[in-house]
Amino acid sequence: MFYKEKGFYISLICGIACLAAFGFICMRVFSDGGDDNPGNMAVAQETAKPVVTEKPDATFQPVTEETTADNVKSEVKEKTPKPAVTPKAKPAMSSKKISAEDRLHFDQETGLLWPVEGDILIEYSADKVVFFPTLSQFKTNPAVIIGSKVGESVKSSANGVVKSIEKNDETGTTVTVAIGDDFKVVYGQLKDLTVSKGDEVSEGQVIGKIAKPTKYFSVEGANLYYQVKQKGETVNPLVLLR
């Protein structure tokens, strides 16, 4: 009987201990995560409120590589100083270089200065033949043969530019001077020249001296071969000599 009662009390104590342990565990569980905890409820309420953000700007545009590049370009343009614009200088008016020959003008009314003093040994004849004593024959003559003396000074008949200096068997040392308006004067049978090709000469300036006549004029004697051309065609010098 005693052992039965003792077993009953042991079982009762064990049951009470189990109930106490179960109750303690439940209290711990509810105290940590239960809905009845006012502290937890406050925390839940505070964290449950949504975060209020400002309304997005209506003009907001999504950032893309293109818009970013445009912004960078605009910033670079704003920061980069504009180069100073200097006014373009007006080009200087280029004037065509006028040669000495182009400046020349021959006045036909004023005419030509006689280059030497002397008689006409053979007259100008372009359309009919005349007699040449040394050659003993008749032929045309594109110049006038003016008698002179060896060593006599030969003067320029007008202002001009020396175009050429040549030598040939018939007229010896020969100087051609352009005098303007497509006129040229040819002086033959010269020596001791005082001018060179390209030189400018003035009317009355000595350009050389009379040389010994060539074999084509040995009978005629010392002379000046004097020819005038206009546009390449020979003209009668006696019409222009004054």
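When reading the values below, keep in mind they use all heavy atoms of this one structure, side chains included, and skip hydrogens, waters and symmetry mates.
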Looking only at heavy atoms, what is the nearest atom pair of [X] and [Y], with distance?
{"X": "Ala211", "Y": "Val150", "result": "O-CG2, 4.0 Å"}
{"X": "Tyr187", "Y": "Val177", "result": "CE1-CG2, 3.9 Å"}
{"X": "Ala222", "Y": "Leu121", "result": "O-CD1, 4.5 Å"}
{"X": "Gln227", "Y": "Ala143", "result": "CB-CB, 3.7 Å"}
{"X": "Val116", "Y": "Ile146", "result": "CG2-CG2, 3.8 Å"}
{"X": "Gln189", "Y": "Lys212", "result": "OE1-O, 3.8 Å"}

Going through the distances and angles, do Leu112 and Val228 end up as a side chain to side chain contact (heavy atoms under 4.5 Å, CB included)? CA-CA 10 Å; Leu112 298 169; Val228 178; 3.9 Å; yes

Side chain to side chain contact (heavy atoms under 4.5 Å, CB included) between Arg242 and Glu109, intermediate numbers included: CA-CA 9 Å; Arg242 60 179 186 269; Glu109 293 184 2; over 6 Å; no

Greater than 12 external heavy atoms within 6.0 Å of [X]'s [atom1]:
{"X": "Gln137", "atom1": "CD", "answer": "yes"}
{"X": "Lys149", "atom1": "NZ", "answer": "no"}
{"X": "Asp119", "atom1": "CG", "answer": "no"}

Side chains of Asn159 and Ile179 in contact at under 4.5 Å (non-hydrogen atoms):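 SC-SC contact between Asn159 and Ile179 ruled out.
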
Val130 side chain reached by Thr140 side chain, heavy atoms, under 4.5 Å: no

State whether Lys155 and Glu117 are salt-bridged, where the test is any N-O pair (Lys NZ or Arg NE/NH1/NH2 against Asp/Glu carboxylate O) under 4.0 Å. no

Are the charged groups of Lys139 and Glu170 less than 4.0 angstrom apart, N to O?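 Result for this pair is yes, salt bridge flagged.
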
Quick check against the 3.5 Å criterion: does [X] have a side-chain atom that pairs as donor or acceptor with the backbone of [Y]?
{"X": "Gln205", "Y": "Ser202", "value": "yes"}
{"X": "Thr194", "Y": "Val206", "value": "yes"}
{"X": "Ser125", "Y": "Lys128", "value": "yes"}
{"X": "Asp192", "Y": "Gly208", "value": "no"}
{"X": "Thr171", "Y": "Gly188", "value": "no"}
{"X": "Asp102", "Y": "Ala100", "value": "no"}
{"X": "Asn141", "Y": "Glu123", "value": "yes"}
{"X": "Trp114", "Y": "Leu241", "value": "no"}

Spacing of [X] atom [atom1] and [Y] atom [atom2] [to the nearest 0.5 Å]:
{"X": "Gln230", "Y": "Leu240", "atom1": "CD", "atom2": "CG", "answer": "8.0 Å"}
{"X": "Leu104", "Y": "Asp181", "atom1": "CG", "atom2": "CG", "answer": "8.5 Å"}
{"X": "Asn223", "Y": "Tyr216", "atom1": "CG", "atom2": "OH", "answer": "14.5 Å"}
{"X": "Lys184", "Y": "Glu101", "atom1": "NZ", "atom2": "CD", "answer": "5.5 Å"}
{"X": "Ile165", "Y": "Thr176", "atom1": "CD1", "atom2": "OG1", "answer": "9.0 Å"}

Side-chain heavy atoms under 4.5 angstrom apart, residues restricted to Ile, Leu, Val, Met, Phe, Trp, Tyr: same cluster for [X] and [Y]?
{"X": "Ile122", "Y": "Leu224", "result": "no"}
{"X": "Tyr124", "Y": "Phe217", "result": "no"}
{"X": "Ile207", "Y": "Tyr225", "result": "no"}
{"X": "Phe106", "Y": "Val239", "result": "no"}
{"X": "Leu113", "Y": "Val235", "result": "no"}

Looking only at side-chain N and O atoms, does Thr134 offer a donor or acceptor that is under 3.5 Å from a partner on Glu220?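 The answer is yes; a qualifying pair exists.
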
Report the relative orientation of the aromatic rings in Phe131 and Phe138; use parallel for angles under 30°, tilted for 30 to 60°, perpendicular for over 60°.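 Tilted: the ring planes of Phe131 and Phe138 meet at 30° to 60°.
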
Is there a side chain to side chain contact (heavy atoms under 4.5 Å, CB included) between Leu190 and Thr174? Walk through the geometry before answering. CA-CA 6 Å; Leu190 300 182; Thr174 306; over 6 Å; no

On the ring face of Phe183, is Lys229 found with NZ or CZ under 6.0 Å from the centre and within 45° of the axis? no

Working note: Val144 + Leu238, criterion side chain to side chain contact (heavy atoms under 4.5 Å, CB included); need CA distance, chi angles, decisive distance, verdict. CA-CA 8 Å; Val144 291; Leu238 296 178; 4.2 Å; yes

